[in-house]
Number of protein chains: 2
Amino acid sequence: MEDGTSKEPSYCTGTDDDQARQWDVREDCEVRHILDRVADKWSLLVIALLDRRTMRFSELRRTIDGVSQRMLTVTLRQLERDGLVKRTVYPTVPPRVDYELTSLGISLHEVINSLVIWTEAHQQEISTARSEYDRRATEETQLQPTAR
Amino acid sequence: MEDGTSKEPSYCTGTDDDQARQWDVREDCEVRHILDRVADKWSLLVIALLDRRTMRFSELRRTIDGVSQRMLTVTLRQLERDGLVKRTVYPTVPPRVDYELTSLGISLHEVINSLVIWTEAHQQEISTARSEYDRRATEETQLQPTAR
DNA sequence: CAGTATCCCTTTTGATACTG
DNA sequence: CAGTATCAAAAGGGATACTG
């Protein structure tokens, strides 16, 4: 039991792939689980904010508009569990807890950041596409295809 | 109304930033909305799969393990609306619908892909971190801090 | 301050049935 | 085949109260 695999999902680093770049898509695949975590609304924001500096709980809470105390706690616990964030408790009173990225977290941050940058760069295009889609959808609803 | 901004959230391309790399975190910010879309479980998988080739609806459905017909439809509609995916209907019977990335979708794909690759590369590390976290958590529960 | 615990409402999602 | 519509189940998330 030294490698402690109790109920881990299957690893599918793709050795049995018939297609060149066909990765795992199996639901029980570890990669799917991790992507779900990484592609989480709050996780994304926390990781993006912990760029190079530590932040206190309350600081994160204040900075991330709209996050509840509960969700921030839950998110930080998950990130800590995944080894992406390091949590440091100072046994003072009142308590003080610092959060910072681990080296693993930093490497993920770089990827996340390119996603944020992409989004910032293309937000106008997406917005325009949405407007056009909605306009077209409206038109089609207006003039019923089946002649009156 | 040519630039058709009806109720779009505020654009915060960061001109008023006091800190160097402090991006928008406002809840009503367009970037937040787009990230929520992009960082979606099914969106991520669809975009990752539509790499360079078109796929039919049923093909996507079969390939993505665990997706329901409804969720795949919803996801594809959102992606189409955002201008990331192009939907082509062939008026044959039975109908045939092809999906492919737009140029905008391709540019996002590159970013998404680096995320998938990162995840594949670090899944073992994360898995280990989780095991250790859980082990520590169990230990602390076993031996109650308050004697006896 | 930084949580944890609880209740409860909202949104998301899956299953099922029906249609062009 | 590729959807749409509907309903019920489940998860997500907020508000509040309490604690070391």
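Just so we're on the same page: letters track the sequence lines, and every chain starts at 1. A quick note: this is a predicted structure, and the numbers were derived from the prediction, not measured.
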Give me, pair by pair, the N or O atoms of the protein and of nucleotides 8-13 of chain D that are less than 3.5 Å apart, along with how far apart they are.
from, atom 1, to, atom 2, distance (Å)
D:dG13, N7, A:Arg70, NH1, 3.2
D:dG13, N7, A:Arg70, NH2, 3.3

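Residues passing the ring-ring contact (aromatic ring centres under 6.0 Å, His included) test with A:His122 are A:Trp118, sequence neighbours excluded. The side chain to side chain contact (heavy atoms under 4.5 Å, CB included) search around B:Ser43 returns B:Arg37, B:Asp40, B:Thr75, B:Leu79, not counting sequence neighbours. For the side chain to side chain contact (heavy atoms under 4.5 Å, CB included) test, no residue two or more places apart in sequence or in another chain qualifies with A:Ser103. For A:Val89, the side chain to side chain contact (heavy atoms under 4.5 Å, CB included) test picks out A:Arg87, A:Val97, with sequence neighbours left out. Scanning for side chain to side chain donor-acceptor pair (under 3.5 Å) contacts around A:Asp36 gives an empty result, with sequence neighbours left out. Every side chain to side chain donor-acceptor pair (under 3.5 Å) that B:Arg130 has, sequence neighbours left out, goes to A:Asp82. Among residues two or more places apart in sequence or in another chain, the side chain to side chain donor-acceptor pair (under 3.5 Å) test is passed with B:Arg70 by none. A:Arg56 meets the side chain to side chain donor-acceptor pair (under 3.5 Å) test with no other residue; sequence neighbours excluded.
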Under the rule of Watson-Crick or G-U wobble with both distances under 3.5 Å, where | means paired to another strand and [ ] a crossing pair, DNA chain C maps to ||||||||||||||||||||
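Residues B:Val85 and A:Tyr133 do not share a hydrophobic cluster, defined by chaining ILVMFWY side chains whose heavy atoms lie under 4.5 Å apart.
Pairs passing the ring pair (Phe, Tyr, Trp, His ring centres under 6.0 Å) check and including a residue from residues 72-114 of chain B, sequence neighbours excluded, do not occur.
Residue contacts shown for B:Arg61 are absent, as no nucleic acid heavy atom lies under 4.0 Å away. A:Tyr99 comes within 4.0 angstrom of sugar-phosphate atoms only, judged by non-hydrogen atoms across all strands, and of no base.
For DNA chain C, the span of nucleotides reached by chain A at under 4.0 Å from its heavy atoms goes, 5' to 3', from C:dC1 to C:dT6.
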